[in-house]
2 protein chains.
Amino acid sequence: MSTAEETAGGEAQAWGEVTPDAARRLLVAAVEAFAERGYHATTTRDIAGRAGMSPAALYIHYKTKEELLHRISRIGHEKALEILRTASRREGTPTERLAGAVSSFVRWHAGGRTTARVVQYELDSLGPDARAEILALRREVDGEVRRIIEEGVESGEFDVLDVHGTTLAVLSLCIDVARWFSVGGPRTPEEVGELYADLVLRMVGARNPAA
Amino acid sequence: MSTAEETAGGEAQAWGEVTPDAARRLLVAAVEAFAERGYHATTTRDIAGRAGMSPAALYIHYKTKEELLHRISRIGHEKALEILRTASRREGTPTERLAGAVSSFVRWHAGGRTTARVVQYELDSLGPDARAEILALRREVDGEVRRIIEEGVESGEFDVLDVHGTTLAVLSLCIDVARWFSVGGPRTPEEVGELYADLVLRMVGARNPAA
DNA sequence: GCCGAAGGTGAGCGAGCGCTTAGTGTGGCC
DNA sequence: GGCCACACTAAGCGCTCGCTCACCTTCGGC
């Protein structure tokens, strides 16, 4: 929010909370490098270089390369969770809230594809402790979507046989956007968000898929 | 087919065509290692060790580590394409054929998760030429699914506004199964296949989702 | 029984990795 | 102005990487 600045190549909107300035620059550089080449194929020299610093500078702000990934992953998951929570707690019918949740979740994965890629696909590169922490956040994400679907089933708006399985499928569909979405492609993040909201309402058998 | 042998941890069914024996053992070892740790985090010593050979033996059968990934990726994509083609060319209504295609495609991604992970998620680790070759196969996969959906729209069975976008979403949903599916989990590949076939028929607005 | 091809090994190469350390520039505080 | 804490760099350590090379076995053909 407020005066978020957008860089040309990537998205540096949400990292405002990271201080000091040099630490943030390193983190943004790491996000871009991890998204492009993957965690293991990225060198600490590459990250430092993108941030305009010497290789050793990285270790003033972060203990290891893995700590960078851990920080990125936690901040990213917290952002994703916040987006879902905001959408899920708005006023409205389960149909409206599910559509809003899916479209904003998808917009985030498409628009912030660089960050989302790292967050969603580099989980296995974390050590056991960090991974466990992130998995707990993922369970909260899962619960948020499941709750909307359960409420829709209870109210009779949705027709779902397997709530857990459908929740998994809905989240899987949204997350995979980060894999295939391309900024040069034919669709804007907003268009994909709307398309996917419609598709998900169909998946849960919503009575009148709005829009 | 025929006398396919199943190993305990991974699936070695489709690699029968790879000869000689030592080359196949190395390839299967590479699939397992790449799936577990990712291409870049896997060492040639690890691959050779899993195959019960010395590090140098790898280079008798393959020129580079990347050639291993290339071979795996091409064979995997050909197998995936074959599965879709078989399902898509069977007799039946578009509804029946789409359900069959999705359920068998998903079964392959869930059951052969080890292979599918490498095939679907390590594309970016290939060089430009190899990547271009694989991308051509992916376009064929995409066309196969799109054709069924188009036929369903023409026959009036399906109600789809954005055929390309929906095709993309259907494939994305199926492919992402390889990311989250766990052999120790609560669902069998067959159950996920059936659930997903139902969800996809809903996505395309099929009149009477069988099963 | 000798021979060459095929398939394998042990040792090790040059390079690049994550990370450390000793030293340098700089700005705030009294 | 002297001083220290802080941010940063140049150099490089120890290690492991992908890959190579000289050498060894095994085995079918004659």
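Letters go in sequence order (proteins before strands), and every chain restarts at 1. Heavy atoms only: backbone and side chains are in, while hydrogens, waters and symmetry mates are out.
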Margin query: Taking the axis from the first five pairs and the axis from the last five, what angle separates them in the helix from C/dG1-D/dC30 to C/dC30-D/dG1, rounded to 10 degrees?
Written below: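 Nearest ten degrees gives 10° for this helix.
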Only counting residues at least two apart or in another chain, list the ones meeting side chain to side chain contact (heavy atoms under 4.5 Å, CB included) with [X].
X: B/T86; value: B/E82
X: B/P20; value: B/A23, B/H61
X: B/S104; value: B/I83, B/A87, B/R107
X: A/A110; value: A/V177, A/F181, A/P189

Would you mind reading off the distance between [X] atom [atom1] and [N] atom [atom2], rounded to a whole angstrom?
X: B/I47; N: D/dC19; atom1: CD1; atom2: C1'; result: 13 Å
X: B/Y62; N: D/dT20; atom1: OH; atom2: P; result: 16 Å
X: B/L26; N: D/dC19; atom1: CG; atom2: P; result: 14 Å

Margin query: Please enumerate all residues that pass side chain to side chain donor-acceptor pair (under 3.5 Å) together with B/E151, with sequence neighbours excluded.
Written below: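 For B/E151 the side chain to side chain donor-acceptor pair (under 3.5 Å) partners, ignoring immediate neighbours, are B/R97.
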Notebook entry, point to check: Who are the side chain to side chain donor-acceptor pair (under 3.5 Å) partners of A/Y62, not counting sequence neighbours?
Noted result: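 A/Y62: no side chain to side chain donor-acceptor pair (under 3.5 Å) contacts found.
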Under-3.5 Å N/O pairs linking protein and nucleotides 15-18 of chain D:
| unit_1 | atom_1 | unit_2 | atom_2 | d |
| --- | --- | --- | --- | --- |
| D/dG18 | OP1 | B/T42 | O | 3.1 |
| D/dG18 | OP1 | B/K65 | NZ | 3.0 |
| D/dG18 | OP2 | B/T44 | N | 2.9 |
| D/dG18 | OP2 | B/T44 | OG1 | 3.1 |
| D/dG18 | N7 | B/R45 | NH1 | 2.9 |
| D/dG18 | O6 | B/R45 | NH2 | 3.0 |

Item checked: Any residue meeting salt bridge (charged side-chain N to carboxylate O under 4.0 Å, His left out) with B/R85, in chain and number order, not counting sequence neighbours ->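 B/R85: salt bridge (charged side-chain N to carboxylate O under 4.0 Å, His left out) contacts with B/E140, B/E144.
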Next item on the list: Under the salt bridge (charged side-chain N to carboxylate O under 4.0 Å, His left out) rule, collect the residues that match up with B/D21, sequence neighbours excluded.
Entry: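 Testing B/D21 for salt bridge (charged side-chain N to carboxylate O under 4.0 Å, His left out), a comparison that skips the adjacent residues, returns B/R24, B/R25.
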Item checked: Residue pairs, two or more places apart or on separate chains, that pass salt bridge (Lys or Arg N to Asp or Glu O under 4.0 Å) and touch residues 170-179 of chain A ->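 Those involving residues 170-179 of chain A are A/D176-A/R179.
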Next item on the list: Considering non-hydrogen atoms only, spot the tightest contact between A/I148 and A/P94 and give its length.
Entry: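 For A/I148 and A/P94, the tightest heavy-atom pair comes out as CG2-O, 3.7 Å.
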Anything under 3.5 Å between a protein N or O and an N or O of nucleotides 6-9 of chain C, put it in a table, one pair a line.
| unit_1 | atom_1 | unit_2 | atom_2 | d |
| --- | --- | --- | --- | --- |
| C/dG8 | OP2 | B/H61 | NE2 | 2.7 |
| C/dT9 | OP2 | B/S54 | N | 3.0 |
| C/dT9 | OP2 | B/S54 | OG | 2.9 |

